[in-house]
Amino acid sequence: MATIKEVLFAAAHRVDRFEARLLLAHLLHCRREYFITHDNDEVTPEIAVRFESLLSRREAGEPVPYIVGEQEFFSRTFKVREGVLIPRPDTETLIETVLQEAANHRATSLLDMGTGSGCIAITLALEMPELAVTATDFSEKALAVAKDNAETLKARICFHQGSWYKALPNDARFDIIVSNPPYIHPQDHHLANLRYEPITALTDGVDGLKDLRAIVADAPNHLNANGLLAMEHGWDQGEAVRNLFDESLWYDVRTIKDLGDNDRVTLGRLKS
Ligand code: GLN
């Protein structure tokens, strides 16, 4: 029988070393750190066969989070499967922005539209337990994953199915609205590498601004006075998104950069 060290060494020619460790750790129900002290342990033939199959899936392009069924986000583990966008580190910028804003302006309610795995709504609900959090998604499949994550992580969220504000009662109003909508331009060549994720979570199929525009346009009907709207967007969309905020309705409109120093989140406050 081969040892863990040998199996990982052989896999390193085929997939990223870090990813190979994640896949083997998943099969052995252990943490990656376990291998540091146990790399001379033997791998059973059964695990070796299953590892081979996971490596082939990864080589074919399937993202590791779908293979192992989970992804870390803001130090918590979220279940993911095909049908929901895989949480990205970029989106932690949206979380940090909202946490900072909420520390300076009292808020009691928050809406997350297009919640997907629920990572934004659930993280914010757990970080700010005093907040009443509502989350929507058009996709029933995504809502099932988000509800499952909310239950596992013990976050209280009110879920609604539907497209953007149509998911909500007409008179629903919030202190904060957040969203990470589809914003990739349909012609962006990056989409080809994202073929395992739901296309409707990645692009609006028009110009990458269609859903961002729709969210800003109707936000005044669903925000309380001085309410905050904060949306994630692409690295090259900062100026275009700021321009969606009509100066007669909004103030304090600005764009926040992510850890890679790219424009990532634009926010504004509704005039009273
Ligand atoms: N940030 C994601 C990516 O570029 C896209 C997510 C989105 O469109 N909301 O892969």
Side-chain angles (χ1 to χ4, degrees), residues 18-19 21-22 25-26 31-33 63-81 83-137 139 142-159 174-183 194 197-198 201-202 215 228-235 254-267:
F18 175 75
E19 293 186 341
R21 286 169 173 267
L22 284 177
H26 168 68
R31 298 183 61 84
R32 272 178 297 120
E33 295 75 19
V64 171
Y66 284 158
I67 300 176
V68 302
E70 60 186 40
Q71 172 66 32
E72 294 277 306
F73 181 77
F74 217 78
S75 306
R76 295 185 182 90
T77 302
F78 287 82
K79 294 179 211 171
V80 293
R81 54 178 126 98
V84 296
L85 191 78
I86 297 165
R88 310 277 205 271
D90 291 344
T91 303
E92 296 187 346
T93 302
L94 179 59
I95 300 290
E96 306 224 339
T97 302
V98 173
L99 291 179
Q100 197 158 7
E101 286 292 313
N104 299 328
H105 298 79
R106 201 183 119 76
T108 59
S109 56
L110 177 141
L111 166 67
D112 171 30
M113 286 191 294
T115 197
S117 65
C119 66
I120 298 171
I122 293 168
T123 301
L124 290 171
L126 293 173
E127 295 293 323
M128 297 186 282
E130 68 286 1
L131 219 55
V133 176
T134 300
T136 72
D137 208 284
S139 155
L143 279 179
V145 175
K147 284 178 187 169
D148 191 1
N149 278 321
E151 202 174 296
T152 308
L153 292 166
K154 300 192 173 27
R156 281 185 52 190
I157 315 264
C158 183
F159 289 102
F174 305 87
D175 294 330
I176 302 175
I177 298 178
V178 296
S179 186
N180 173 19
Y183 55 70
L194 302 173
E197 291 180 272
L202 294 165
I215 291 168
L228 173 77
L229 171 62
M231 299 175 299
E232 179 174 321
H233 53 72
W235 62 274
R254 60 212 148 86
T255 298
I256 312 286
K257 289 186 185 291
D258 61 22
L259 290 174
D261 211 26
N262 292 311
D263 282 357
R264 185 59 59 196
V265 171
T266 291
L267 53 113

Do [X] and [Y] have side chains that get closer than 4.5 Å, going by heavy atoms?
| X | Y | value |
| --- | --- | --- |
| N149 | S117 | yes |
| T255 | H233 | yes |
| I176 | F174 | no |
| K79 | T152 | yes |
| Y183 | M231 | no |
| L202 | L85 | yes |
| H105 | L228 | no |

Got a donor-acceptor contact below 3.5 angstrom from the [X] side chain to the [Y] backbone?
| X | Y | value |
| --- | --- | --- |
| R88 | I86 | yes |
| E197 | V84 | no |
| E70 | F78 | no |
| T91 | P87 | no |
| T93 | D90 | yes |
| R264 | E232 | no |

Value rounded to 0.5 Å, distance of [atom1] in [X] from [atom2] in [Y]:
| X | Y | atom1 | atom2 | answer |
| --- | --- | --- | --- | --- |
| I157 | K147 | CD1 | NZ | 12.0 Å |
| S179 | I120 | OG | CD1 | 7.0 Å |
| L153 | T77 | CG | OG1 | 7.5 Å |
| W235 | K257 | CH2 | NZ | 11.0 Å |
| E92 | E96 | CD | CD | 7.0 Å |

> Between V145 and V80, does a side chain to side chain contact (heavy atoms under 4.5 Å, CB included) hold up when you go through it step by step?
Replying inline: CA-CA 7 Å; V145 175; V80 293; 5.7 Å; no
> So which of L94, T97, L229 actually passes side chain to side chain contact (heavy atoms under 4.5 Å, CB included) with L267?
Replying inline: T97
> Can you tell which of I95, I256, V98, N180 makes a side chain to side chain contact (heavy atoms under 4.5 Å, CB included) with V265?
Replying inline: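 The option that passes is I256.
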> Taking 4.0 angstrom as the limit, do R254 and E101 come out as a salt bridge?
Replying inline: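 Judged by the 4.0 Å cut-off on N to carboxylate O distance, R254 and E101 do form a salt bridge.
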> Crowded around E72 CD? As in, over 12 foreign heavy atoms under 6.0 Å?
Replying inline: yes
> Just wondering, are more than 12 heavy atoms of other shown residues or ligands nearer than 6.0 Å to CG in L259?
Replying inline: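 12 or below, so no.
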>> What verdict does the side chain to side chain contact (heavy atoms under 4.5 Å, CB included) test give for I67 and H26, after you've listed the backbone C-alpha separation in whole Å, the side-chain angles of each residue and the deciding distance to 0.1 Å?
In response: CA-CA 9 Å; I67 300 176; H26 168 68; 5.5 Å; no
> What residues form a side chain to side chain contact (heavy atoms under 4.5 Å, CB included) with S139, not counting sequence neighbours?
Replying inline: D137, K141, A142
Can you give me every donor-acceptor pair (side chain of residues 122-136, partner residue at least two apart or in another chain, under 3.5 Å) with its distance?
unit_1, atom_1, unit_2, atom_2, d
T123, OG1, C119, O, 2.5
E127, OE2, R76, NH1, 3.2
E127, OE2, R76, NH2, 2.8
T136, OG1, G114, N, 3.4

